[in-house]
Amino acid sequence: MTQQRDPVPAPAALAPAPAATTRPEEPAPGRHRRRSYRDRLTAPLPGVRAVTRLAREAGALRPGTEARRDVPLLPCAPAPLPPAGPGVLALTWAGHASWILRIGGLTVLTDPVWSHRILGTPPRVTPVGVPWASLPPVDAVVISHNHYDHLDAPTLRRLPRTTPVLVPAGLGRWFRRRRFTRVHELDWWQGREIGGVTFDFVPAHHWSRRGLLDTCRTLWGGWVLTDPQGRKVHFAGDTGYGHWFTEIGRRHPGIDLTLMPIGAYAPRWWLRDVHCDPEEAVAACADLGARRMAPMHWATFLLSAEPVLEPLTRVRAAWARTGRPREDLWDLPVGGSRAL
């Protein structure tokens, strides 16, 4: 196994970040120069007709007044992180797609968004589940794609620039421009090892854009994290339902837990191809062969038209219909924690 070290060391006041390695049988992740990833789309992006329809249906992407009355009922219990030893696999939901994973002795953030509001959306309806000041040193960050609710520049500015970041192909330049020195840029099915934990980048049914002229210029996807004991966590990122889940499960058998989006799905005609609804999330968990599922991507930002509590009630009902053990659905409140 070839050791790869970054040329810029960590500041003396900080513990050095874990070294990263690639597996010998895989191409080394590097800087990706493709101009477009449109060929990776599962379905065509909406055309003029669909955009015109959305404009006609005023308010189609926000819950109505009646539905918003349930916001105070959203499950939320902000708290400091519970202790977790090096052999414990533990997770805490900070809200939306942001998780704090303690895995293999590392602390890993997924799509960290600690901002009160993000561009183009109303402010958070629940507070961040864990105060930033309560976080231990962050050993790695994984990013699923470049949409503003998953790639939040103000949050990322809080991190030391020596923090290892694992990002989709094409997105490394964004981090290098911001002086991050340990940027690992991966294509689908590529992997990287940091501190004994393997990070594999896997497909998702989604897309990317951050500005007016960069549609699908960078890739999108999810991650499978494997600890030294072989325990696996799948972070789906942002995704619709489709064939990739079966293939991910085939290539990464024995997934212990999937972190799966269940919200931002209405209206269906607009969001079906890029966001799972609760029933599809449960089906995706089965396709992956995952034993447990933790719902996410709801109860934080109101991005679509479904009633605010509906994702939770529907995912619980869909899980019950499968006959799977209730304790394997980790429907945590914002700020909630659980451990294997």
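As the structure is a computational prediction, the values presented were derived from the model and not from experiment.
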>> Check whether Glu279 reaches the backbone of Val315 with its side chain - one donor and one acceptor, N or O, closer than 3.5 Å.
In response: no

> So do the side chains of Trp188 and Pro203 get within less than 4.5 Å of each other, counting heavy atoms only?
Replying inline: yes

> Are any of the side-chain heavy atoms of Arg314 and Ile262 separated by less than 4.5 Å?
Replying inline: no

> Is the gap between the ring centers of His297 and His150 under 6.0 Å?
Replying inline: yes

> Sub-3.5 Å donor-acceptor pair from the side chain of Ser115 to the main-chain atoms of Val113, do we have one?
Replying inline: no

> With a 4.5 Å heavy-atom cut-off, do Trp189 and Ile248 have their side chains touching?
Replying inline: yes

> Are the side chain of Glu306 and the backbone of Ala264 linked by a donor-acceptor contact shorter than 3.5 Å?
Replying inline: yes

>> Please tell me whether His234 and Thr258 have a donor and an acceptor in their side chains that are separated by less than 3.5 angstrom.
In response: yes

> Is NZ or CZ of Arg326 both nearer than 6.0 Å to the six-membered ring centre of Trp319 and within 45° of the ring axis?
Replying inline: no

>> A cation-pi test, strictly: NZ or CZ of Arg272 under 6.0 Å from the centre of the six-membered ring of Tyr265 and no more than 45 degrees from its axis. Yes or no?
In response: no

> Between Asp214 and Arg210, is there a salt bridge with N-O shorter than 4.0 Å?
Replying inline: no

>> Using the rule given for salt bridge (charged side-chain N to carboxylate O under 4.0 Å, His left out), can you reason through Arg176 versus Glu185, listing the C-alpha separation, both sets of side-chain angles and the distance that settles it, and then say yes or no?
In response: CA-CA 11 Å; Arg176 287 188 288 269; Glu185 191 175 348; 3.3 Å; yes

> With a 4.5 Å heavy-atom cut-off, do Met296 and Phe235 have their side chains touching?
Replying inline: yes

> Is there a donor-acceptor contact under 3.5 Å linking the side chains of Thr226 and Thr198?
Replying inline: no

>> Less than 3.5 Å apart, any donor N or O on the side chain of His147 or Asp238 sitting next to an acceptor on the other?
In response: no

> Ion pair present between Arg338 and Glu327, side-chain N to carboxylate O less than 4.0 angstrom?
Replying inline: no

>> I want to check a possible cation-pi pair here: Arg192 against Phe199, using under 6.0 Å from ring centre and within 45° of the ring axis as the test.
In response: no

> Quick one: do the Tyr241 and Asp273 side chains pair a donor with an acceptor below 3.5 Å?
Replying inline: no

> Are Asp187 and Arg34 within salt-bridge range, i.e. N to O under 4.0 Å?
Replying inline: no

>> Measuring only between side-chain heavy atoms, which start at C-beta, is Ser144 closer than 4.5 Å to Asp111?
In response: yes

>> I want to check something: taking the side chain as every heavy atom from C-beta on, are Leu219 and Leu171 in contact at a cut-off of under 4.5 Å?
In response: no

> Atom CH2 in Trp298, atom OG in Ser304: separation rounded to 0.5 Å?
Replying inline: 12.5 Å

> Between the side chain of Thr239 and the main-chain N/O of Cys276, is any donor-acceptor distance below 3.5 Å?
Replying inline: no

>> Rounded at 0.5 Å granularity, tell me how far OG1 in Thr163 sits from CZ in Phe180.
In response: 6.0 Å

